[in-house]
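Note: hydrogens, waters and symmetry copies are ignored here, and every other heavy atom, side chains too, is used. Count residues from 1 along the sequence.
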Amino acid sequence: MLHRYLRTHALFGANTDVGKTLFATALVRASQALGEAAYYLKPIGTTAGTDDPGDDGHVRTFAHGVPTECLFRFDEPVSPHLAAARAQSRDDKYAVPTDHEFVRAIERHAKQVAALCSASESEYASLLVETAGGVHSPVLSGTSQAEALRPLRLPAILIGSHALGGISATLTAYESLKLRGYSVDAVLCLKEDRYANWDYLRQYFEKERQIPFACASLPPERAVNAQAERASMTAWYDSITAASERHDEISLGSLIASLRTRHAKRIDDLDTAGQRTLDTVWWPFVQHSHVKTPADVMVIDSAHKDSFSVLASESSDESDPMLEPVFDGSASWWTQAVGHSHPELALTAAHAAARYGHVLFPTATHKPALDLTRRLLDTAGKDWASRVFFSDDGSTGMEVAIKMALHSYASRSQLSIEKSKSLRILGLSGSYHGDTIGAMDASEPSIYNANVHWHSGRGFWFDPPSYLIENGKIVIKCSGSQWKHEASATFESLAKLFDLTHRLEHDELAVTYREHIARHLTELREQGSIQAGALLLEPILMGAGGMIFVDPLFQRVLIDTVREEDHGNLPVIFDEVFVGLHRLGQITTGNYLGVKPDVACYAKILTGGTVPMAVTLATSAIFESYLGEHKVDALLHGHSYTAHPIGCAVAVKALELVEQAVEEPHVDVARQRWGMTRPAMPFSLYDPDFVSEISSLPTVRGAMALGTVLAITLESASAGYASNAAQDVLKNLIYPPGEALAIHARPLGNVVYFMTSLNTQAPAIRTLENRIRDVLG
């Protein structure tokens, strides 16, 4: 929440009774004295009864002319969540506001204030939002207010504690705010000389962290009557508001000036970010000649749960906020699993950074690496993997996987070094395994590697039979030059499509696939065109190639066939960088196929999108192929940040959160909606009726949903990554009419795809579906 002409700050306290309302009153008075139009908001007020004017009443009394507001008031001096619960128990018609409703109420009030400011003659305006209790005091729902208010990410003013133990309480509150992504613009504290906390805190914040610090003398003791009380407090406010700057403290006037400067700097940083990026940054997968103006650059101020907070386009209405939420429709290049800036992941990363930083890994170990290894072997690697190799991203993880598999095959086949260098990969057309040179060579020539001068696709790629829901029916199509005859089949449900036990025995396609695969493998062997050393697959769904849903029966038959002695008994690599770890509804897509790989790679979801990291899992046989007397026989591949403790610790926590997310009620409802009655049956978080409806639109060739992924193939004269067919759809999604949800997504040629986190709730997904329906319809 940010307005160009309205400076808004959230006033947090290190604890209760630290003087938040006193400082709030002093700050709005100081703002007034400097010519600002000052406003005050208390989102939640709990008072000692109907005669208690509350904190907003105190501000009105001593800051004359300052408009004040309290959004949710309770006549009971208890924590807000208790006050709300008791109000509900007294009146069953009272509904406790959700965190979303609570935040929206604050946003609406700020917009109203911004509208008043734009009509005001004052050059500056400010809104002070005073929170309740300490940083983690709960809001009405029971959520910590630091977390509940996080979507707004208001710059914070922290009121330190002057009491015994106040230094620790203040530093803890400061670190809590930082861990949740808040910027702390100033720290204030009452000046109590017995403990002299203010002196220590001034040094800590102002000297060491360059955060402005101000203090004020203690307020007078309570007077004997209301008139005397008012007089003494007025005199106190007059004194601290007018206090001049001294060598040991800063005046409130100077503090307000500093807050103005910080507000202006933040706005300037956002306003100029687009041009500064165009001038200095080289983006991946972007033709820079197509990005011409700063308006074409999405400036992200922060991200939280499912959304970015981005710089809005210029508006003629000065009351409109400068930042707007945009749904992250691609899960930030497929990395998000439990939402942006998850507090548990942030806390885990901070703890690991404080405990380890980074430590070298060869012949060493540490708890995060061991914990992650055990979790992976017990889940994705269950009953097949015995070793975990660490690397830093999916592409390098795939480099490792390819090295492992080819070396294992060469060792088992007793090939010479020279002979082993001619080994090739078997894979699927449309595959993509990364942008490092080895991973590129394990894919067919495509737009991704066409201009890479060292690339020489080293392998053979089968044209895979793919499927989509077309006009409400699941249709498999076998097409391409490799197929003697084009074929198709129709299925009533995903459950039947994925019932491989039945299909292997009774589906005629199983026979067609076996004959097709065996014929090509025999031809390759007899012609001597290539000697295959491994089979490399993106199981179930090939992502970057255009969200190609491959018939699982074909992949199963292919795996079974290459593992036959007549066809080389090849090691099988699963590239699960994109599809693994519950992205498609299973911890590993091997559960859908009913087979285990020899090597598998995981990344993206692995750390919940918090830090880059990848792992490659392997069987004992793969590992033992590297054992020998000489170092040159070892797997000589590594990174300085191998088994990065921060990444390992975050991955353990992320996988724990993922496992919790897939057991949430909204996931069970989705399973039931798709008729999932067995653990390995497919389902999606998207509604099956919606997918069927979309697949029947005249602008759509077909659609498919699985797990968190929705892919829509548009009718277009051109297809593939180079197609621009999706651009108009994406433009209409990112620039919605009125207050409709803005959605950011990236195209894959004529394919529009969307991805959620695993814990994205059903209402958010229904809203996403409605926006897609509106745009495509």
Side-chain angles (χ1 to χ4, degrees), residues 7-28 30-31 34 126 128-131 133-137 144-146 149-150 153-219 240-241 243-266 269 302 346-347 350 353-354:
R7 173 177 59 78
T8 304
H9 279 87
L11 202 67
F12 283 97
N15 210 330
T16 56
D17 296 325
V18 295
K20 287 195 306 297
T21 305
L22 298 176
F23 275 114
T25 307
L27 285 169
V28 295
S31 296
L34 292 172
S126 62
L128 199 60
V129 180
E130 183 185 342
T131 64
V135 165
H136 288 300
S137 292
S144 158
Q145 65 182 344
L149 292 171
R150 175 57 181 79
R153 209 183 77 86
L154 295 172
I157 299 174
L158 176 61
I159 309 302
S161 173
H162 58 284
L164 181 64
I167 291 174
S168 176
T170 304
L171 301 192
T172 301
Y174 168 72
E175 291 177 356
S176 289
L177 290 170
K178 295 287 285 185
L179 279 171
R180 277 163 178 77
Y182 288 93
S183 300
V184 179
D185 278 3
V187 179
L188 297 88
C189 185
L190 290 173
K191 192 173 182 179
E192 196 276 348
D193 289 327
R194 180 181 180 187
Y195 304 118
N197 293 352
W198 65 273
D199 190 40
Y200 182 94
L201 295 175
R202 179 178 60 82
Q203 178 72 25
Y204 181 88
F205 289 107
E206 193 171 80
K207 302 298 184 184
E208 298 180 19
R209 282 160 182 76
Q210 287 73 56
I211 297 174
F213 179 87
C215 56
S217 61
L218 290 173
I240 64 170
T241 303
S244 60
E245 195 164 344
R246 298 181 359 197
H247 74 283
D248 62 345
E249 59 188 70
I250 186 172
S251 72
L252 291 184
S254 296
L255 181 70
I256 298 297
S258 172
L259 296 177
R260 285 178 179 174
T261 299
R262 286 172 177 254
H263 176 71
K265 177 69 164 56
R266 183 184 181 193
D269 284 347
S302 67
L347 192 61

When you measure from the side chain of [X] to the backbone N and O of [Y], does any donor-acceptor pair fall under 3.5 Å?
X: E206; Y: L201; value: no
X: R180; Y: R150; value: no
X: N197; Y: A163; value: yes
X: S258; Y: S254; value: no

Could you tell me whether the side chain of [Y] reaches within less than 4.5 Å of the side chain of [X], counting heavy atoms only?
X: R202; Y: K191; value: no
X: Y174; Y: I211; value: yes
X: V135; Y: T172; value: no
X: R262; Y: P155; value: no
X: L22; Y: I240; value: no
X: V187; Y: W198; value: no
X: Y195; Y: Y200; value: no

inquiry  = Once side-chain contact (heavy atoms from CB on, under 4.5 Å) is applied, do any residues pair with S183, and if so which ones, sequence neighbours excluded?
reply    = R153, D185
request  = With sequence neighbours left out, write down each residue that passes side-chain contact (heavy atoms from CB on, under 4.5 Å) with D269, or none if nothing qualifies.
outcome  =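 D269 satisfies side-chain contact (heavy atoms from CB on, under 4.5 Å) with K265, R276 once adjacent residues are dropped.
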Trace of the side chain to side chain contact (heavy atoms under 4.5 Å, CB included) decision for L128 with I157 = CA-CA 9 Å; L128 199 60; I157 299 174; 4.2 Å; yes
Heavy-atom closest contact ([X] atom, [Y] atom, distance):
X: G13; Y: K20; value: N-CD, 3.4 Å
X: S31; Y: I256; value: OG-CD1, 3.6 Å
X: L179; Y: A346; value: O-CB, 3.6 Å
X: I159; Y: G19; value: CG2-C, 4.3 Å
X: L34; Y: G253; value: CD1-O, 3.7 Å
X: R7; Y: L259; value: CD-O, 3.5 Å

message = Tell me which pairs pass side-chain hydrogen bond (donor to acceptor under 3.5 Å, both in side chains) where either residue lies in residues 155-170, with sequence neighbours left out.
response = none
ask   = How far does CD of Q203 sit from CZ of F213, to the nearest 0.5 angstrom?
value =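 Between Q203 CD and F213 CZ, I get 11.0 Å after rounding to 0.5 Å.
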query = In terms of ring plane angle, is the pair F12 and Y182 parallel, tilted or perpendicular, where the classes change at 30° and 60°?
reply =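 Plane angle over 60°, so perpendicular.
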request  = Report the residue from L11, L149, V129 that forms a side chain to side chain contact (heavy atoms under 4.5 Å, CB included) with L154.
outcome  = V129
query = Take atom OH in Y204; do more than 12 heavy atoms of anything else shown fall under 6.0 Å from it?
reply =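 Yes, OH of Y204 has more than 12 neighbouring heavy atoms, counting only those of other groups under 6.0 Å.
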